[in-house]
Structures are given as structure tokens and as C-alpha cells.
Amino acid sequence: MVPAGCCDTGGSGLRLALVMAGLWALCCAQPVRADTPHPTRFTHGSWTSKDGVPSMVQSLAQTRDGYLWLGTGDGLYRFDGVTFEHIAPAPDHPRGAIPVSAVLVTRKGELWAGYSGSGGVEVYRGGRMVRAGMPDPPGEITQLAEDLDGAIWAVGGRGRRALKRYRAGTWQGIDSSWGVPDKEFVASVLAARDGTLWLATNTQLLFLRHGAKRFEATGLGVAEGASMAEDPHGHVWLSDPSGTRMLPDYPRGARVAANPAVFPPSGTIRRTTILFDREGSLWGSTFTSGIFRIPAPEAAGQPTGFGTANGLSSNQAVAVFQDREGNIWVGTEMGLDQFRISNVSRVDPPAASSAFGYLIAADDTGTVYLASGPTLYRADPGGEPRPVLTGQDEAQALCRGGDGTIWLGLPGRMIRLRGGKPVETLALPDRALSFGCGEDSSGRLWVARFDHGLLMRDARGWRRIPLPPGAPGRPQDVVIDGQGNPVIILDRHALVRITGSIATAWSNDRIGVTGITTVHGGPDGLFVGGGQGLARYRDGRFARLDIADHPWLRGVRGMVQTRAGQTWMVNNHGIIRIATADLDRAFAHPGDPIPHKLLDEQDGFASRTQRSDGLQMAAGSDGRLWFLTRQGVVRVDPNHLVRNAAPPPVKIRALTADRHRYVDPASLTLGRGTRNLSIEYTALSLSVPSRVRFRYMLEGVDKDWVDPGTRRQAFYTNLAPGTYRFRVIAANNDGVWNHTGATLEFTIRPTFFQSWPFYALCVAAALLATWLVYRLRLRRMAARMRMRLAERLAERERIARELHDTLLQGVQALVLRFQLVADDMPPDQPARRALEEALDRADDVLAEGRDRVRDLRMIGAPDDIEHMILDIARKQAFDSATRIHVSTEGQSRPLDPLVCDEVARIANEALFNIWRHAHARTVEVVIGFRTTAFTVRFRDDGVGMALDIVRCGEKPGHFGLTGMRERARKLGAEFGIDSGPGKGTEIVLIVPAGIAYTSIRKGRKMAVTAGDGDD
């Protein structure tokens, strides 16, 4: 860094700045190379053309809905973390003006896009691009900016079109009358928070005070391709090919910057773009050498660079942007890069990819030691690793000793270190390979030597310790449990715990984890990890968590339980965090889900665990956790974990139905007959899009939320017409849910065959069909009844003829002959008197027989039912004071002859019962000719019937009512009685029209009154 205050005088100042920058690069600072390791606190991700990224990402912005907008050589795109979606220009957009070279999101939330090829400026409104009406647009709009008053400034290169302002709906050219040099190239503008507008050309820096109409020159010379940014404290910084530095507060008359440091460039730079992130670090693109980052530039932080050698999609980096979640995005000619603060950071040193692997241990004070090859590193609490022992043989074992010491195993010897310095060296019996070591609570040192058995050293020196009889395998590692006892791992298939002089062996069958990968002794028990899960030994028994229920517990290779109540583990899935209470509860209920957090490659754990022996993780007294991987050492600080607390905005991208795709739908009315559709939705959490989870529901179809995991599309089939409401919610990478989500209402219009009129027609047709079937059945029943009645009538008439022609005629002939005999006998002869009496009786029998024969025949004509009933009434011996009234209602119609006969007989029985039992003064008969039925009502004002007779429908020992009911049933008619003591009686007969009437109608209405037996 060099002082910046001397660079205020045009070209000479620029040359001096370049010289000073070169001197800094040579003498005072470490040059930033393209292959400098990238910032260890960040996880890098990259999207290129194979992922759908368009060519040459030149500008980046983010709208309030969370979309990341890209101005590219192929046009305008928006990105939701998964899909790059092209946004077409306005319909009247100039042909051929495809590249978008600048994008801006205003404080109102509108997206503005500047085009190359004289395409001007467009605004995204209502789901489409509209022209902003810029007259005479420049050939390329390189930057868009919004000032304090909401005016939009467009940078367009050189000449009279180089700078334009959009204010109050009008574009205005900013030319020399504003103090802008006509012949200079406008490189960039910066709208500062205090209202000042800064402008950098290819040679100088100018500024426009808030509310002023003319730019003022600063006298500071700048190189071509300069850009500016404002830090969190309101200081303006400038970066150009000569370096990056803070500017003096020129509007307030300052000539020297508050921070005079100049950060030199990392190489040949064509142009730059810089920004400050929320932590105050400065990021910049170089267009030729990748990107750079200066942490805390006001405190002269050390710059770091990142280029293609580190994984950047291209060294030709153009755009730099920070999104709402704090991620840094870089647009390059070949793709899009993301830098996200990670919870897992790489530790350097030791160097990556050690040929012999790494060893780790922490002493009693919480100081962490790392061994890699011949070098031992020491990391004090809060510090970084530094070498404390080098040039030794390859480290073979590393373990905690007593009294704040560490044991380091080397070929043929064990070295005790305190504070990173050797304090004791113990020679081993030979130079055999040591696999692991540990010092127990009695101060005894244990060393596992695999092919050479188990060694123990106490005050009497080294001794070889025999394993229990039948113990399978050879010593492979040593772990000290929570009580300070050594636990020996044998060939990863068994354990031996030594308590004093007692050795206890546990086979893999008893432990149940199949292939021991780690052992951890703590206050909660002895934990054993393996290929089949995790086991815990406590209170004399093993309890297990199986990978069938918890697959993420497979092959645990390290464990630490912290005072904060957390259990940390590491395996090839990543780093696992569990609440210790949840883990303890899981062993009591091993099948239940265990809440846990997994940090994997997307969090910075970009390798796999080692297969070597010894501890694979350790905890320092500062709370930081250290982990060994195949490609280096990584670290997690549980006290400073980054959590994405921003609920993701949820959007419904499109609905597709009948091969038509509706983009950004709010509400839709779909075509008639639509049955199948798909809905695309997204959540704008860009940090780790692959971890975003969704739930959706189509109200009226889904009974509960559907969990599709990370899938971003819903499918529905066989939907009926109607209005539907689709809801979707989402959670970000850290499980923070947006429970409001997004909603889409759509209506499926019915076809004619799905409409209510069609259903009404179907119902009407069904009712009509039912009515027709009923009518047909009624006709068939009436026909069968008529046929049966006709058969009965014919049989009765035959009987009547036979009785008349045979019996009555024969009896009559006999009576005549007997009469002749009587006439020949003397009048005073007693026999004659007896014979004449017999003949009189015979005449009575003949008269009665004729009456019975007449009864067998039809009583009256079917078209004169009124007179027929009146005749029946007259034949009853009613008292002369009884008034009989017969009347008709409706249009008179001929009755079926058989029905007429049955009605007459029912009427005869009803009137007879009234005469016999009612003692009525008035009798009324009402005959009704209705459209639906033929009715006859018999009413009297007599003594009425007992309620039990009305209820039973008959009087014991009498059959009049029963006979009337049976005749009505044969007609398919309804028969009813309403009566009570002292209230008279009403008898009702209702015969369906289809049975009662013939097809001939006759219009007649009459009322007949009978009194005293005549009318």
C-alpha cells in the first residue's frame, strides 16, 4: 500500500501512483496472483453453459421477489437458483439489439435493462418488458444508476450520448453544459448515499453535488476502466488498472483520503468493477485476472485473488453483486460464480493433500496440535496453526498426555511436548510402526503397534501387555474413556477395555456396529461408531442406532461432546451436529427420527474422512472444532455459525395446460375440457438451491400438504370443471419456512357436456324416463287388472247364465207343475193349503235367486256412475228424514266397466253400512274426476266408529270393511277411513287414472239430491 494523497494532480499523479504501486508490490506487500487460494471462509459454486448460463454475463441485479437478473450477450435472463429463464424484449424492440449490458433495480422495485446495439432502455412491468422511450440511444449502455432523487442515469460511452438522465418521465442528455467533457469516454458513475453523483471518465474524476447542474473536476487522474463503490462508512473508493484506494472527500474540500493506502493490482487489468459487501470487505472484478477481495480495506487487510486456477469460470470477470442473503455473485464471459460464507473453513497450514495423512490431538489446556509428515503444528485458542517441530521423521501417532502435554509418536521413540516444546523422549523397544497412543488416568502410556502387540509404560518401563484369551485381532488404536481407562481397538472388530489389571473384551457381535471406525469415551458412556451405525455402552449394556433408521450415522469416524450440550460427529457424509439430549433420547427410542444438522460439501466440507487410525477430530478450549480430511484440515466454529434467516420468496413461475404455457400467472381461466395440467413453482433462496424444500396443496383435491422434497413442479390429472386454489410454501437451506408462500387461482370452464344445463337436461331426461317407465308399468298393471276383472266378470256372467238357464228355469217349471197340482186339489183339503204355502216359499226363493243372478252381472253402465250410485242409495231403506246428496267434481269421464262394477259394489257396501250402523241425518257422496285419479268420498254425520275399529280397519265378526278394502287392493287403489265416536265417518276410495278411466271423455257435471226415496 502507498499513500493516496499524492495522486491528485492529473497525469503526473497517475504516473506517480503507478510507480508507488509498483514499489509496494516489490517491497511492501505480497503480490496477489491469480492462483492465490481463494478466501477460506467462502464456498465457491459455478454455473456455466452446460448448466444453461448464457454467454458473457455483463451485469447483475436482484428484484424484490428474489430473482437474480442477468444482463448477458444473449439477452436478459432471470435465475431462481436452478433455471435460467429468458425474458423477451418489448414487442417494438429494435431488431438485432440483443445483448443486455446493464441492469438496475430501482428503489421502487422496477427492473431496468440497458441494451447494446442502440437498443436503448426497457423496464420490466406487468410480466413483460416495455420501452422506456429513450431518444437517440447510444451504441451500448454500460451502466444504469439511480440517484437520491430517483432519477435514472444511463452511461453510454463517448460523445453527446455518453450520459443521459431520466427524470419525471423525460430523458435528458447530459453534455458539456453540465461540465462533462465531450471527447472523453464516460467509464462509470456512482450515486452516493449523500446525494453526490460521482463520474469517472477515461482520464479524470468529477462529481455533481446534490441539486447542482454542473459537474466539478477533482483534479485526480484515473486510468481507463475505473469503477467506484461506497463503503459502509460513506467513503467512496475507486479502482482502476493502477490499483484500489479510498478517495478524498472532494465535495467537502478534502484533498487527502482518510485512509491513504493504495492496494496494487494483481496484474494487467483492463477495467474493474467493485462493491462492498455487508461485512465491509471490498470485492472487485478485473476483466483479465479474475477477481480480488480485500477484507476490511480501511484496516489495510491483505488482498486475496481468485481466478481460473482456483475454479473461477473465467478470468474475464465483469460483474460483481451481493444478493439479499449475502452471497457474492460474479459474472464472467463463461458463466456465473457464487461465493457464499461457509460454516466449514479450510485451515492452511498444514498443506493440502498430505502424502501420509494428518494426525490431531488437543492437550488439557485446549490447545490443538496437528501433524502432517515431518511437521508438527500448534494452534493456540483463537489462533491459527504454526509449526513448532519440523525436520523429524514421519509422525505416526499423536495423543493427549497428562498435565497439559502431548505425546508424539515417531519411529523408535515417543516425545512428550509441553507448550509445543519437547520435554521428554522415550525410546521404544524397536522402530516398529506405532498406530495409536494414549495416557490413562494413572499416568501410564499405552501404544498400539499392530503386528508388535500392545505396549505399556509405567514407572518400571515398557512392558508388552497380553490381550485377553480369545480376543480377536491385533492392537490398532488406543482411546482413553471417560473414566481415564484405556480402550484398545483390535483390527476394527473388537474392543478391550483395561480397568486397573482387569481386561474386558467385547466382540463386534456384541457391539453390533460391524467394522469399528471410532471410539469416544465421555461422561455419557462409551460410544462406538461403525459401518452399521452407532452404539453406546452404559450401565453394562450396549444400545444401538442402526443405519436402517439413520443412514447418516454410517461410518462415524470422530465424536466430540461440548459443554454447550451439543454432540458433533464426522463421517463421509459430512459433519453432523446433534443436541446431546436428542442423542440420549434416541438410544431410548432408536426408531424415532433424530433432529440433526449436516454440513457437507455445500458448506465447505469438500473432501472425505481419512481411513487412518487415531482421532479424526478435536475440540479446542475456544470452542472451535477441527476435522481431518483426505485433502486437508477443516474447522467449524460453533459459536459463529452462519444461518440463513431469510424466508425464501415463493413464486409460481408458470402453469401449463393443453400445450399452452402461462408465465407468471396471477389468476387464470383455462379452456373448456381442460383435465391435465402442470404447475411450475420456485423459491428464491439462492444460497443453496438444492436444499430448498417445498410443500404444496391444491384445495379441493389434496386433503393435506404434499411434500415433493426439492421438486419444483406439481402435476394434476382428471380435474373436473370449477375454480381451484393452488398454494405452495418453501423453506430455505437452513429450514426457515415461508408459510405465506404463493397462491394461484384458476378456473376450468366446463364443456357443454360438463355444464349445469347439460346436467339439468340429464336429470330431466332421467325423470322423464322414470315417468315413462312408471306410466308403462301402470298401463301394464291396469291391463293385467282389467284382464283379471274381465275374466272374473265373464265367469260371473257365465255363472249367472247357467243359474238362470238351468237352476232357475228348472225350479220355475217345477213350481208351475206343482201349481197345477194344487189347482186340481179341493180347496178345503189340508194338503192343498200346505202345498200352496210351499209354492209361495218357492216363489220367494226364485225371486231371491234372480236377485243373486242379477248381482253377478254388472250393476250399471260405466259412463253413468253418478246415477248408479244414486240408485244404490235409493235401494237402501234410509229413513225419510235422512238426506242423501250425490255430487261430482271435475270433468266426467267414462270408467272402465270392471272398475265401475267394483266401485258400485264398494258404494253398495258403504251405503249399506251407513244405513245399518250410522243413524245419520245427512249422507254425502262426492265423486271426483281428477287428472291423476278417480275418487269417491262417502261422508255421514252419524255416530261414528270406535277408534280401535278405525285403527284395525275392521270389526271382529264383520266383513264389510274388509271386503271393501280387498276390492280396493285388487284395483290398485287407495282406501281410507276417518272416523271417531260422535264425529261421523268418511270413507275415501282413490283409483289411479290409468286404471280407472277409458280413453273416451264426456263433459258433464251434475248434482243429485235424494230425499224420501225419490227425486
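Only heavy atoms go into these numbers, but all of them, side chains included; no hydrogens, no water, no symmetry mates.
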From [X] atom [atom1] to [Y] atom [atom2], the distance as rounded to the nearest 0.5 Å:
X      : Y      : atom1 : atom2 : value
Leu490 : Ile516 : CG    : CD1   : 8.0 Å
Ile498 : Asp481 : CD1   : CG    : 11.0 Å
Met569 : Ile578 : CE    : CD1   : 3.5 Å
Arg413 : Arg431 : CZ    : CZ    : 7.5 Å
Phe605 : His573 : CZ    : NE2   : 11.0 Å
Met559 : Met617 : CE    : CE    : 9.0 Å

Without swapping roles, check the side chain of [X] against the backbone of [Y] for a donor-acceptor pair under 3.5 Å.
X      : Y      : result
Gln322 : Arg278 : yes
Asp440 : Gly484 : no
Tyr369 : Leu359 : no
Arg400 : Ala362 : yes
Gln610 : Tyr358 : yes
Asp491 : His493 : no
Gln561 : Asp524 : no
Asp637 : Arg624 : no
Gln396 : Ser434 : yes
Asn571 : Trp552 : yes

Worksheet item: side chain to side chain contact (heavy atoms under 4.5 Å, CB included) with Val528: which of Val487, Thr517, Leu534, Leu495?
Response: Leu495
Worksheet item: Could you go step by step and tell me if Val636 and Val570 meet the side chain to side chain contact (heavy atoms under 4.5 Å, CB included) rule?
Response: CA-CA 12 Å; Val636 171; Val570 64; over 6 Å; no
Which atom names give the shortest non-hydrogen contact between [X] and [Y], and what distance separates them?
X      : Y      : result
Asp364 : Asp403 : OD2-N, 3.2 Å
Thr367 : Pro381 : OG1-CD, 3.9 Å
Tyr377 : Pro387 : CD2-N, 3.6 Å
Ala683 : Val692 : CB-CG1, 3.6 Å
Ser687 : Asn327 : OG-ND2, 3.0 Å
Ile488 : Pro475 : CG2-CB, 4.1 Å

Item to complete: Kindly determine whether Arg340 and Gln602 satisfy side chain to side chain contact (heavy atoms under 4.5 Å, CB included), including the steps that lead there.
Response: CA-CA 9 Å; Arg340 177 172 50 87; Gln602 298 189 88; 3.9 Å; yes
Under 3.5 Å side-chain donor-acceptor pair for [X] and [Y]:
X      : Y      : result
Thr609 : Asn572 : yes
Asp363 : Thr365 : yes
Thr375 : Thr390 : no
Gln616 : Thr518 : no

Mark yes when over 12 heavy atoms from residues, nucleotides or ligands other than [X] sit less than 6.0 Å from its [atom1]; otherwise mark no.
X      : atom1 : answer
Arg611 : CZ    : no
Arg541 : CZ    : no
Arg554 : CZ    : no

Decide yes or no for [X] and [Y]: does some side-chain heavy atom of the first lie under 4.5 Å from some side-chain heavy atom of the second?
X      : Y      : result
Phe306 : Val330 : no
Leu426 : Trp462 : yes
Val347 : Trp626 : yes
Phe694 : Arg711 : no
Pro303 : Ile294 : yes
Val736 : Asn644 : no
Leu376 : Leu370 : no
Thr405 : Glu424 : no

Discussion item. Can you classify the ring geometry of Trp283 versus Phe42 as parallel (below 30°), tilted (30 to 60°) or perpendicular (above 60°)?
Written reply: perpendicular
Practice prompt. Give me the ring orientation class for Trp506 and Tyr537: parallel if the planes are under 30° apart, tilted from 30 to 60°, perpendicular past 60°.
Written response: tilted
Salt bridge check, [Y] against [X]: does any charged N sit closer than 4.0 Å to a carboxylate O?
X      : Y      : result
Asp592 : Arg585 : no
Asp734 : Arg691 : no
Asp603 : Lys597 : no
Arg544 : Asp546 : no
Asp380 : Arg378 : yes

Practice prompt. Take Arg577 and Leu599, measure what side chain to side chain contact (heavy atoms under 4.5 Å, CB included) needs, and give me the verdict at the end.
Written response: CA-CA 8 Å; Arg577 183 187 66 182; Leu599 304 178; over 6 Å; no
Item to complete: Mind running side chain to side chain contact (heavy atoms under 4.5 Å, CB included) on Asp337 and Ser46 for me, showing each step along the way?
Response: CA-CA 4 Å; Asp337 294 79; Ser46 181; 3.4 Å; yes
Worksheet item: Is there a salt bridge (charged side-chain N to carboxylate O under 4.0 Å, His left out) between Arg492 and Asp477 once you walk through the steps?
Response: CA-CA 9 Å; Arg492 302 191 184 280; Asp477 203 355; over 6 Å; no
Practice prompt. Report the residue from Arg416, Arg444, Arg457 that forms a salt bridge (charged side-chain N to carboxylate O under 4.0 Å, His left out) with Glu439.
Written response: Arg416
